[in-house]
There are 2 protein chains.
Amino acid sequence: MRRSSVETKAVILAAARERFAADGYDKATIRAIAADARIDPAMVMRYFGTKEKLFAAAAEFDLELPDLAPEQAGAGLVRHFLRTWEADEGLQVLLRTGVTNEAAAERMRTIFGGQVMPLVIDLTGDPERAPLRASLVASQLLGLALSRYILKFPPMVAATEEELVAWLSPTVQRYLTGP
Amino acid sequence: MRRSSVETKAVILAAARERFAADGYDKATIRAIAADARIDPAMVMRYFGTKEKLFAAAAEFDLELPDLAPEQAGAGLVRHFLRTWEADEGLQVLLRTGVTNEAAAERMRTIFGGQVMPLVIDLTGDPERAPLRASLVASQLLGLALSRYILKFPPMVAATEEELVAWLSPTVQRYLTGP
DNA sequence: GTCTATAATTCGATAGAC
DNA sequence: GTCTATCGAATTATAGAC
């Protein structure tokens with residue numbers, strides 16, 4: 001099959017995101033990604049140079065936190081996180097990989113520290129404990145993703161979005177603004 | 001060097017636990033484990049048969065939940081979990097591996113479902129929502145381990161045991177017995 | 001109990017024809 | 001743009017000498 005340059009690159013990248021999200025960095029081989037994209041493995045190297053660079057492109061991600069009213073910040077964050085997880089594979093790539101890959105772990109720290117912390121400061125006006133608050137929020141949100149989407153605890157998989165929001169919102173709200 | 005059979009086996013197992021805990025299943029090679037144990041790679045195969053069986057032995061783990069007074073169950077669980085994590089590498093092995101290995105994920109489900117759920121039923125006398133409650137507890141505890149020991153968010157690393165217990169106890173307590 | 005040698009795979013990466 | 005062929009490295013696993 002003959003495709004345009006941008007088209008081919010996009011197909012490869014989509015397959016790479018799926019594989020990295022499902023298998024992590026090491027088990028997601030270039031050969032498997034190429035097979036998914038119905039393309040020759042050599043093409044992957046041609047377009048992205050190395051596996052490392054392909055991963056960097058696949059792990060591109062932005063939380064894109066919305067503006068949230070102070071008293072609804074907890075619920076808003078949980079809901080936004082759940083929807084982002086299901087809409088964008090980037091987060092899944094980072095979590096599956098960050099566990100055994102220092103570069104991915106570093107990006108996780110940057111994303112949550114860099115994006116949740118300003119929200120906390122904005123909500124509380126207290127820069128002092130903002131880093132810890134942001135990390136506590138991250139711990140619950142990532143624990144949610146871990147148990148629901150990665151480890152697949154049956155009750156977490158079965159729960160509806162609204163159930164999870166109802167259970168987790170008070171937790172996140174307290175980490176954000178509580179004593 | 002000449003060692004007894006049980007001694008050699010114990011040395012190998014200790015090295016395996018460290019490697020699996022630090023690198024996950026795939027990156028922890030038999031060669032690296034053997035090098036750590038200052039032993040020939042062939043010896044590892046001799047004692048454990050396959051890498052898979054070696055992993056099964058290294059991932060042996062028990063939460064060993066203590067009896068907890070109802071009103072202190074949250075704080076007790078958080079504290080017990082933190083100490084168990086640091087004393088026994090088994091949990092770390094399972095978390096690092098469960099993210100990309102279905103067998104380890106299954107064991108995680110068994111451990112948390114099987115050991116936290118009875119505690120919930122004992123505390124609440126309500127078997128109906130016990131599975132979800134146990135999973136919520138697991139989500140926060142595993143999120144704690146993830147952010148503090150794996151991804152190493154600086155504020156979580158810097159926090160003392162008592163700080164973490166103070167922040168997380170109300171969360172866990174509510175998941176256990178709250179509305 | 002310990003080690004050497006090696007079989008059998010698999011992977012990332014490169015060179016080059018078309 | 002696409003593919004074949006292949007290199008070099010690394011891995012699990014096995015056979016067998018000492």
Side-chain angles (χ1 to χ4, degrees), chain A residues 1-60 93 96-104, chain B residues 1-60 93 96-104:
Chain A
M1 195 194 317
R2 191 84 177 186
R3 274 180 290 220
S4 72
S5 174
V6 285
E7 195 178 348
T8 301
K9 200 164 179 175
V11 170
I12 295 173
L13 195 56
R17 289 171 85 90
E18 272 189 43
R19 278 286 176 176
F20 281 128
D23 299 337
Y25 185 80
D26 293 285
K27 293 175 83 167
T29 67
I30 288 194
R31 288 166 148 84
I33 291 168
D36 287 354
R38 274 178 246 282
I39 224 173
D40 193 274
M43 296 300 299
V44 179
M45 306 303 293
R46 178 174 169 82
Y47 279 105
F48 291 92
T50 68
K51 183 181 180 180
E52 187 62 42
K53 289 180 189 169
L54 172 62
F55 172 75
E60 211 66 58
V93 172
R96 269 252 166 66
T97 309
V99 170
T100 50
N101 182 306
E102 174 51 28
Chain B
M1 195 191 317
R2 193 83 178 187
R3 274 179 290 219
S4 72
S5 174
V6 286
E7 195 178 347
T8 302
K9 199 164 179 175
V11 170
I12 294 173
L13 195 55
R17 289 171 84 91
E18 273 188 44
R19 279 286 177 177
F20 282 128
D23 299 337
Y25 185 81
D26 293 285
K27 294 175 84 167
T29 67
I30 288 193
R31 287 165 147 82
I33 291 168
D36 287 354
R38 276 178 245 284
I39 225 174
D40 193 275
M43 295 303 297
V44 179
M45 307 302 295
R46 179 176 169 81
Y47 279 104
F48 292 92
T50 68
K51 183 180 180 180
E52 186 63 41
K53 288 179 187 168
L54 172 62
F55 173 75
E60 211 66 57
V93 172
R96 269 249 166 67
T97 308
V99 170
T100 49
N101 182 305
E102 174 52 27

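All values reported here derive from a predicted model rather than from experimental measurement. Naming: A, B, ... by sequence-line order, numbering from 1 per chain.
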Pairwise distance CG(B:Leu54) to OG1(B:Thr50) - rounded to 0.5 angstrom
8.0 Å

To the nearest 0.5 Å, tell me how far A:Arg46 CZ sits from A:Ser5 OG.
8.5 Å

Please confirm whether the backbone N or O of B:Ala28 pairs with a side-chain atom of B:Lys51, one donor and one acceptor, at under 3.5 Å?
yes

Whether B:Arg96 side chain and A:Thr100 backbone form a donor-acceptor pair below 3.5 Å
no

Is NZ or CZ of B:Lys53 both nearer than 6.0 Å to the six-membered ring centre of B:Tyr47 and within 45° of the ring axis?
no

So how far is it from A:Met43 CE to A:Thr8 OG1, rounded to the nearest 0.5 Å?
5.5 Å

Over its full length, what angle do the end axes of the helix from C:dG1-D:dC18 to C:dC18-D:dG1 make, each axis taken from five pairs and the result rounded to 10 degrees?
0°

Within 45° cone and under 6.0 Å: B:Lys27 NZ/CZ vs A:Tyr25 ring
no

In whole angstroms, the gap separating P of D:dT4 from CD1 of A:Ile39 amounts to 13 Å

Please table the atom pairs, donor to acceptor, closer than 3.5 Å between any side-chain atom in residues 12-21 of chain A and protein atoms at least two apart or in another chain.
{"residue": "A:Arg17", "atom": "NH1", "partner": "A:Ala58", "partner atom": "O", "Å": "3.1"}
{"residue": "A:Arg17", "atom": "NH2", "partner": "A:Asp88", "partner atom": "OD1", "Å": "2.9"}
{"residue": "A:Arg19", "atom": "NE", "partner": "A:Asp36", "partner atom": "OD2", "Å": "2.7"}
{"residue": "A:Arg19", "atom": "NH1", "partner": "A:Asp23", "partner atom": "OD2", "Å": "3.3"}
{"residue": "A:Arg19", "atom": "NH2", "partner": "A:Asp36", "partner atom": "OD1", "Å": "3.4"}

What residues from residues 24-32 of chain A pass a heavy-atom cutoff of under 4.0 Å to DNA chain C?
A:Thr29, A:Ile30, A:Arg31

Using atom CD1 of A:Ile33 as one end and atom C1' of C:dC11 as the other, report the distance to the nearest whole Å.
12 Å

What are the two closest heavy atoms between A:Thr97 and A:Gly24, and how far apart are they?
OG1-CA, 4.1 Å

Less than 4.0 angstrom between a side-chain N/O of A:Thr8 and OP1 or OP2 of D:dT2, yes or no?
yes

For the pair made of CG in B:Asp40 and P in C:dT6, what is the distance, rounded to whole Å?
15 Å

pair A:Phe55-A:Val93: side-chain heavy atoms closer than 4.5 Å
yes

Which residues pass the side-chain hydrogen bond (donor to acceptor under 3.5 Å, both in side chains) test with B:Asn101, not counting sequence neighbours?
none

The correct set of residues in residues 10-22 of chain A placing a heavy atom under 4.0 Å from DNA chain C is none

So A:Ser4, base contact, sugar-phosphate only, or nothing? Heavy-atom distance under 4.0 Å.
nothing

Looking at DNA chain D, which of residues 41-53 of chain B put a heavy atom within less than 4.0 Å of it?
B:Met45, B:Thr50, B:Lys51

